[in-house]
Amino acid sequence: MEIENEVRRLYDLPSEELYALSKSACRKYYGNTVFLRGLLEFSNYCNCACKYCGISTYNKNIPRYRLTPNDIIYSVKKYFSKGYRTFVIQGGEDPAFSDSDFCNIISEIKNITGSEGALTLSLGRKSYKSYKLYKEAGADRYLLRFETSDPIIFKQIKNFTDLEDRINALYELQSLGYETGTGFLIGLPGETEETIIQNLILTIKLNPHMIGIGPFIPHPETPLRNIPQGNIEIVKRATAILRILLPKTNIPATTASFSINSDARSELLQIGANVLMPNIGPSQNKDKYELYPGKSCSKYSNDYQLMLNAVKAAGKTIDNRKGNSIAFENNYGGNS
Ligand code: 5AD
């Protein structure tokens, strides 16, 4: 009840007051530093029929690609030597990769980075057994957004699968010792203010180490093509509320936010986000990992430079360490 009252109180604060609180919470735990995560989108094949997602089975007009394990290792090596210390391996739920394929990729990456680097997986809903195998192979972190806290909206947009199962997956990941990330979309059809408040409450209850919040952006090749895009001001306010209530969590300024508003990246960094995720994949595939149209890394040739500009505009600097969340360090004991 206390959490709920706190969320509602912050939700009603004027933005100026809210952002003053979130800025100081961020400064207290993360100073003015921003962590970089090298994002490698390894496959846009996906078995899922999520109605919002541009790489879902609904999209018949997108060229599909998958990187080979060697391509993946090549990119990690290249960016490790440039100073990156966290790698995020993200893809659609592509049946061509078996658990043993992933385990080989994971252990090769960990051979390159050693304990200096952290490896994050974002492979969707897998079984407990798979999550356990990946952890044993050396994976450190896992990202799995719950997308919405409303079970009815969840069922509608995620092809009759259950929110409860998604939440169970997050508990499984936490129980295996992953540094675990979750988050949600703003602007899904059927959503009300109360849904957003419940999204915030659920996030706090899950007590994650990382949180990603982005605006929904309609993709023309999906059933939600005519739904208006999410409101960036709400994304900012939700980010600020979570920074205040979960101050030790890593929170990225998400690419989707920047894609609909080019000032959003620096604004989010200013009000409490502390992570950026530059794309490190081969450039010929960037356009094809089209979760939503206008993904900033495909629209602009030098997204990395734009990220540096945003960091500077926010008065922050890049920290090259692997950057565990302080929440994780406290729960599981420190290692960085
Ligand atoms: N608009 C914004 N974000 C999207 N994602 C997927 N499709 C869209 C879209 N149309 C987000 C989901 C997913 C993450 C990898 O990308 O929240 O968890």
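Side chains are part of it too, since the values below use all heavy atoms of this structure and drop only hydrogens, waters and symmetry mates. Whatever order the structure lists them in is the order used to number ligands and atoms, beginning at 1. None of the values given here were measured: they were computed from a predicted structure.
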Point to revise | Close side-chain approach of Leu133 and Glu136, heavy atoms under 4.5 Å | key: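 Result yes, sub-4.5 Å side-chain heavy-atom pair found.
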Point to revise | Those residues that, when tested against Asn274, pass side-chain hydrogen bond (donor to acceptor under 3.5 Å, both in side chains) (two or more places apart) | key: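 For Asn274 the side-chain hydrogen bond (donor to acceptor under 3.5 Å, both in side chains) partners, ignoring immediate neighbours, are Arg243, Asn250.
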Distance dump, ligand 1 polar atoms to protein, N/O, under 3.5 Å:
| residue | atom | partner | partner atom | Å |
| --- | --- | --- | --- | --- |
| ligand 1 | 1 (N) | Ile217 | N | 3.0 |
| ligand 1 | 10 (N) | Tyr52 | O | 2.8 |
| ligand 1 | 10 (N) | Ile217 | O | 2.8 |
| ligand 1 | 10 (N) | Leu291 | O | 3.4 |
| ligand 1 | 17 (O) | Arg145 | NH1 | 2.8 |
| ligand 1 | 17 (O) | Glu147 | OE1 | 2.6 |
| ligand 1 | 17 (O) | Glu147 | OE2 | 3.4 |
| ligand 1 | 18 (O) | Glu147 | OE2 | 2.6 |

Check your understanding: Around atom NZ of Lys288, are there more than 12 heavy atoms of other residues, nucleotides or ligands at under 6.0 Å?
Key ->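 Atom NZ in Lys288 is crowded, with more than 12 foreign heavy atoms closer than 6.0 Å.
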Check your understanding: Angle class for the Phe80/Phe87 ring planes (parallel below 30°, perpendicular above 60°, tilted otherwise)?
Key ->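 Because their plane-to-plane angle lies in the 30° to 60° range, the rings of Phe80 and Phe87 count as tilted.
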Check your understanding: Asp319 and side-chain hydrogen bond (donor to acceptor under 3.5 Å, both in side chains): which partner among Arg321, Lys322, Lys316?
Key ->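 It is Arg321, the one option of Arg321, Lys322, Lys316 that forms the side-chain hydrogen bond (donor to acceptor under 3.5 Å, both in side chains) with Asp319.
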Practice item. Please confirm whether Phe42 and Phe97 have ring centers closer than 6.0 angstrom. Key: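 Centroid distance Phe42-Phe97: below 6.0 Å, so yes.
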